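Written out below as structure tokens is the structure these notes cover.
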Amino acid sequence: MAKKVMIVEDNELNLKLFTDLLRAHQFTVEGVRDGRLALEQARMFAPDLIIMDIQLPHVSGIDLIEAMQKDPVLAAIPVMAVTAYAGKGDEERILQAGARGYLSKPVSVMKFLEAVRAIIA
């Protein structure tokens, strides 16, 4: 059975790239462009992994990760943060919020797939 991945990403090109890449490797994928809908969508889709952009309009990906960690239904779902905003200390803050992995954009296709498989192999 295919592993399910939910991608929370407001950038249309990044969302398409990640979606196409994962589908080509037999993952079932659902994209969410508006972070405000992410928690509800995660409850309905029940993914094996959530790929979370950190810089989202309306809500921070870090805030979403922290909210997921407090939710009994969502806390067990691993999150991999992918962000272009990679300042000093950001990786540590993101991992402390509860993310299992972290990649900074631009990310190579192979590194992205390796990181996904390392979390949900």
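These figures come from a predicted structure and were not determined experimentally.
- Considering K4, R100, M68 as possible partners of I50, the one that fulfils the side-chain contact (heavy atoms from CB on, under 4.5 Å) test is M68.
- In this structure, the salt bridge (charged side-chain N to carboxylate O under 4.0 Å, His left out) partners of D20, at least two apart in sequence or on a different chain, are K16.
- In this structure Q55 satisfies the side chain to side chain donor-acceptor pair (under 3.5 Å) test with no other residue, sequence neighbours excluded.
- For R33, the side chain to side chain donor-acceptor pair (under 3.5 Å) partners are E12, not counting sequence neighbours.
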* To do: Start with the C-alpha distance between I77 and D48, add both sets of side-chain angles, then the distance that settles side chain to side chain contact (heavy atoms under 4.5 Å, CB included), and finish with yes or no.
  => CA-CA 6 Å; I77 301 170; D48 297 295; over 6 Å; no

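- Residue M6 holds its CE atom at 14.5 Å from OG1 of T28, rounded to the nearest 0.5 Å.
- V32 and I120 sit in two unconnected hydrophobic clusters of ILVMFWY residues. Membership requires side-chain heavy atoms under 4.5 Å apart, directly or through other members.
- Applying the side-chain contact (heavy atoms from CB on, under 4.5 Å) test to Q96 and every residue at least two apart in sequence or in another chain returns E92.
- Note on I62 and L37: same hydrophobic cluster, where clusters join Ile, Leu, Val, Met, Phe, Trp and Tyr whose side-chain heavy atoms are under 4.5 Å apart, directly or indirectly.
- Of the inter-residue distances, the one linking L113 atom CG with L22 atom CG reads 6.5 Å to the nearest 0.5 angstrom.
- The hydrophobic cluster containing M44 does not contain V5, counting ILVMFWY residues as joined when their side-chain heavy atoms lie under 4.5 angstrom apart, directly or transitively.
- For D34, the salt bridge (charged side-chain N to carboxylate O under 4.0 Å, His left out) criterion is met by R36, not counting sequence neighbours.
- Pairs of residues two or more places apart, or lying in two chains, never qualify as side-chain hydrogen bond (donor to acceptor under 3.5 Å, both in side chains) while including a residue from residues 109-121.
- Heavy-atom minimum distance, M80 versus A115: SD-CB, 3.5 Å.
- For the atom pair CZ (R93) and CD1 (I54), the distance works out to 8.5 Å, reported to the nearest 0.5 Å.
- With sequence neighbours left out, the side chain to side chain donor-acceptor pair (under 3.5 Å) criterion links K105 to E9, D53.
- Shortest non-hydrogen contact noted between L13 and N11 is N-OD1, 2.9 Å.
- Of all heavy-atom pairs spanning I65 and A97, the tightest one is CG2-O, 3.4 Å.
- Put simply, CG on L17 and CD1 on I7 are 9.0 Å apart, with the number rounded to the nearest 0.5 Å.
- Take F112 and apply the ring pair (Phe, Tyr, Trp, His ring centres under 6.0 Å) test, not counting sequence neighbours, and it matches F18.
- Looking only at side-chain heavy atoms (C-beta outward), D90 and T83 stay at 4.5 Å or farther from each other.
- Considering all non-hydrogen atoms of both residues, G35 and V8 come closest at CA-CG1, 4.2 Å.
- Scanning all heavy atoms of the two residues, the minimum distance from I119 to P78 falls at CG2-CB, 3.5 Å.
- In the hydrophobic clustering, where aliphatic and aromatic side chains (Ile, Leu, Val, Met, Phe, Trp, Tyr) are joined below 4.5 Å either directly or transitively, M110 stands alone.
- Legend: residues meeting side chain to side chain donor-acceptor pair (under 3.5 Å) with D10, ordered by chain and number and at least two apart, are absent.
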* To do: List the steps, then state whether side chain to side chain contact (heavy atoms under 4.5 Å, CB included) holds for Y102 with V82.
  => CA-CA 6 Å; Y102 171 91; V82 181; over 6 Å; no

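- Screening residues 56-76 for salt bridge (Lys or Arg N to Asp or Glu O under 4.0 Å) gives R43-D71 as the qualifying pairs, with residues at least two apart or on separate chains.
- Residues A42 and L74 come closest through the heavy atom pair CB-CD2, 3.8 Å.
- By the 4.5 Å heavy-atom criterion applied to side chains, L64 and L56 are counted as neighbours.
- Sorted by first and then second residue, the ring-ring contact (aromatic ring centres under 6.0 Å, His included) pairs with a member in residues 23-82 form an empty list; sequence neighbours excluded.
- Under a hydrophobic-cluster definition in which Ile, Leu, Val, Met, Phe, Trp and Tyr are linked whenever side-chain heavy atoms come within less than 4.5 Å, directly or via other members, V29 and I51 are assigned to the same cluster.
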